[in-house]
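Below you'll find the structure, written out as structure tokens, and then a few comments.
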There are 2 protein chains.
Amino acid sequence: MAIKTYKNPGVTVDVVIFTIGSNDIKVLLIKRENAPFKDTWALPGGFLREEELTKEAAFRILKSKAGVGNVYMEQLYTFDKKERDPRGRVISVAYFALIPTEAIKFENPSAQSPLFWSLKTLPKTAFDHKDIIAYALKRLRSKLEYTNVIYSLLPRYFTLSHLQEAYEAILGKKMDKRNFRKKFELLRLIRPTRRVFYGARQRPAKLYEFVSRKPAELKKFF
Amino acid sequence: MAIKTYKNPGVTVDVVIFTIGSNDIKVLLIKRENAPFKDTWALPGGFLREEELTKEAAFRILKSKAGVGNVYMEQLYTFDKKERDPRGRVISVAYFALIPTEAIKFENPSAQSPLFWSLKTLPKTAFDHKDIIAYALKRLRSKLEYTNVIYSLLPRYFTLSHLQEAYEAILGKKMDKRNFRKKFELLRLIRPTRRVFYGARQRPAKLYEFVSRKPAELKKFF
DNA sequence: TATACTTAGTGTATTATTAACACTATACAC
DNA sequence: GTGTATAGTGTTAATAATACACTAAGTATA
């Protein structure tokens, strides 16, 4: 049975992959090898395959570009501005993924040169990818406030300073150390371990871990 | 130039139209006239037209089913479960719209019988529309907490009791009258007018209006 | 026209959360 | 052993959230 009498738009999936490095939030971009936008930096992405869910496509892309699989991923938004793709009508279902720096494995580093870029010094990007990245950052910032997503950017063991630096990198502002720690004590998202982080040419720091590494929402209601 | 070598999925747009009536939150459903799911209730929607933005499609659908144009609308999520459409691979970009009951005009009430249903007594619905409605309600509830969207469900002039009833209908819980009013005084979203609401067989109530009827976010940060 | 009914409108005390703020402790580098 | 850099820690004040009950004023009705 015919679904329709007109031409379906093309459907792509693009993935905004965030990580935190050098106290900065970074996004993975690859240099395009083909037209359009050949040699321009772009979000990893591609056409949705037949019989493939958009989420599956997002994981496929993530796996092939960053070498990781089991990470936080959620659908972001579907972008369909008219002029966004010079090839014609193509809508993009965007996802965003959060991965701890330690987990990244560039499988074939020569191919398509994937690189993490600081959001402060983004290069010129293909399509409407700058919009997509901005939207993803906004979503991430607001998710920090009412969920425990931060776990997905940190390694198994981390210090309270690492945790605070992650917040500061994403929110783009400094926070008070004592208030930050008090807040986290209240939230009960993390617990101290018996491990200690030595070797950073200052007083060693206690290592913490997340009580749970599953997505969850924090209380808070009108 | 060929965009792809495989078949593009079908793309539909479905709209969750919420309104508040009889102290209850309601969603607009229409009875399907064609297969699949003939004679089953469904969200108003349809295939995305060529050269049409998904948002334009959402407004087109809204206008044709509820007779209103200038209302709150935002993209919700893109649904693409495999078995969601028996016709084959069809993904749906869902939007949700909020309209004050007063604004609704059923242009041709006989055709496709659009009806507002209470969320508590939904009939069996077509496709994955129950999921879409549940997701929209979740989104609406959380938007109440950090935005001023509530304006889009109320008429120009309203009493504080109307406002509170709207919150209670959406959040599904009773709230304290004095605390509710104190909160709104603090938020400065509304202001009293010189109008008074007479005629409801009790003490008449002061009428308020929104300071602004544009989407805005309330403060609140980590 | 008096009385009952119904919702409008209002304040205070308690508790919880947020915000501002500065010094001592300890491993590592030199 | 001395300097350096970050770890770690409490108190106070301001703001926000919560719990809670009575009087005011139209409308209905007897």
Side-chain angles (χ1 to χ4, degrees), chain A residues 20 22-24 141-142 144-146 148 154-155 157-169 171-209 217-222, chain B residues 20 22-24 141-142 144-148 154-155 157-169 171 173-209 217-222:
Chain A
I20 288 186
S22 319
N23 285 357
D24 204 1
R141 281 179 173 167
S142 79
L144 277 194
E145 288 178 47
Y146 69 95
N148 64 346
L154 291 173
Y157 301 107
F158 53 88
T159 68
L160 289 174
S161 294
H162 293 149
L163 182 63
Q164 184 172 342
E165 282 157 13
Y167 268 85
E168 290 178 344
L171 296 177
K173 65 177 183 192
K174 291 282 171 203
M175 301 169 90
D176 179 86
K177 200 207 277 190
R178 281 169 293 188
N179 292 340
F180 182 88
R181 287 166 186 230
K182 215 179 311 164
K183 174 81 172 178
F184 258 87
E185 203 162 340
L186 211 88
L187 287 176
R188 305 205 159 281
L189 292 181
I190 60 172
R191 63 173 160 238
T193 67
R194 262 174 296 180
R195 293 165 193 254
V196 178
F197 183 67
Y198 286 97
R201 100 158 180 296
Q202 73 263 18
R203 176 172 173 182
K206 217 182 289 183
L207 284 161
Y208 287 75
E209 64 181 349
E217 306 216 338
L218 315 179
K219 70 221 142 174
K220 195 180 268 187
F221 273 94
F222 179 81
Chain B
I20 289 185
S22 319
N23 284 359
D24 204 2
R141 282 180 174 168
S142 80
L144 277 194
E145 288 179 44
Y146 68 93
T147 73
N148 64 346
L154 291 173
Y157 302 107
F158 53 89
T159 68
L160 289 175
S161 295
H162 293 151
L163 182 62
Q164 183 173 343
E165 282 157 12
Y167 268 85
E168 291 178 341
L171 296 178
K173 63 177 186 195
K174 292 280 172 207
M175 300 169 89
D176 179 87
K177 199 207 277 190
R178 280 169 293 188
N179 293 340
F180 183 88
R181 286 165 186 230
K182 214 180 311 166
K183 173 79 175 182
F184 258 87
E185 199 161 343
L186 211 88
L187 287 175
R188 304 205 158 283
L189 291 181
I190 61 172
R191 61 171 163 239
T193 68
R194 261 174 295 179
R195 293 165 192 254
V196 177
F197 182 67
Y198 287 95
R201 100 159 180 296
Q202 74 264 19
R203 176 170 172 183
K206 217 181 288 182
L207 283 161
Y208 288 75
E209 65 183 346
E217 306 216 340
L218 315 179
K219 67 213 148 185
K220 195 178 267 188
F221 273 94
F222 180 81

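In what follows, every chain begins at residue 1, and chains take the letters A, B, ... in the order their sequences are listed.
- In this entry the distance linking CD of E185(B) with C1' of dT10(C) reads 11 Å, nearest Å.
- Among the heavy atoms of the strands lying under 4.0 Å from K177(B) is at least one base atom, whether or not backbone atoms are also near.
- Between the P atom of dT11(D) and the CG atom of D176(A) lies a distance of 16 Å, rounded to the nearest Å.
- The interatomic distance linking F158(A) (CZ) with dA7(D) (P) rounds to 14 Å, in whole Å.
- Nearest nucleotide to the side chain of Y198(B), out of dG8(D), dG26(D), dG9(C): dG26(D).
- Remark: C1' of dT26(C) and NZ of K206(A) are 14 Å apart, rounded to the nearest angstrom.
- Side-chain proximity of K182(B) to the nucleotides dG9(C), dT12(C), dT9(D) is greatest for dT12(C).
- Closest approach to the R178(B) side chain among dA17(D), dA8(C), dC20(D) is made by dC20(D) (side chain taken as heavy atoms from C-beta onward).
- Counting only distance, with no hydrogens or angles, the side chain of Q164(B) and the backbone of M175(B) share a donor-acceptor pair below 3.5 Å.
- Of the listed nucleotides (dT26(C), dT6(D), dA17(D)), dT6(D) has the atom at the smallest distance from the side chain of S161(A).
- Note: CZ (R203(A)) to C1' (dG3(D)) measures 17 Å, nearest angstrom.
- Distances from the side chain of R201(B) to the nucleotides dA27(C), dT18(C), dT27(D) place dT27(D) closest.
- Closest to the side chain of R181(A), out of dT10(C), dA7(D), dC20(D), is dA7(D).
- Judged as a ring pair (Phe, Tyr, Trp, His ring centres under 6.0 Å), and not counting sequence neighbours, Y157(B) has no contacts.
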Determine, stepwise, if the pair L187(A) / N148(A) fulfils side chain to side chain contact (heavy atoms under 4.5 Å, CB included). CA-CA 10 Å; L187(A) 287 176; N148(A) 64 346; over 6 Å; no

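- Of all heavy-atom pairs spanning H162(B) and L154(B), the tightest one is O-CD2, 4.4 Å.
- Residue L186(A) places its side chain closer to dT17(C) than to any other of dT9(D), dT17(C), dT7(C).
- K183(A) has its NZ atom 21 Å from the P atom of dG8(D), to the nearest Å.
- Within the 4.5 Å cutoff, the side chain of Y208(A) has heavy atoms near those of the P192(A) side chain.
- Projected onto DNA chain C by closest heavy-atom contact, G199(A) and N179(A) fall at different nucleotides, the more 5' of which corresponds to N179(A).
- Distance F197(A) CZ to dC28(C) P: 11 Å, rounded to the nearest Å.
- Between the P atom of dA20(C) and the NZ atom of K174(A) lies a distance of 16 Å, rounded to the nearest Å.
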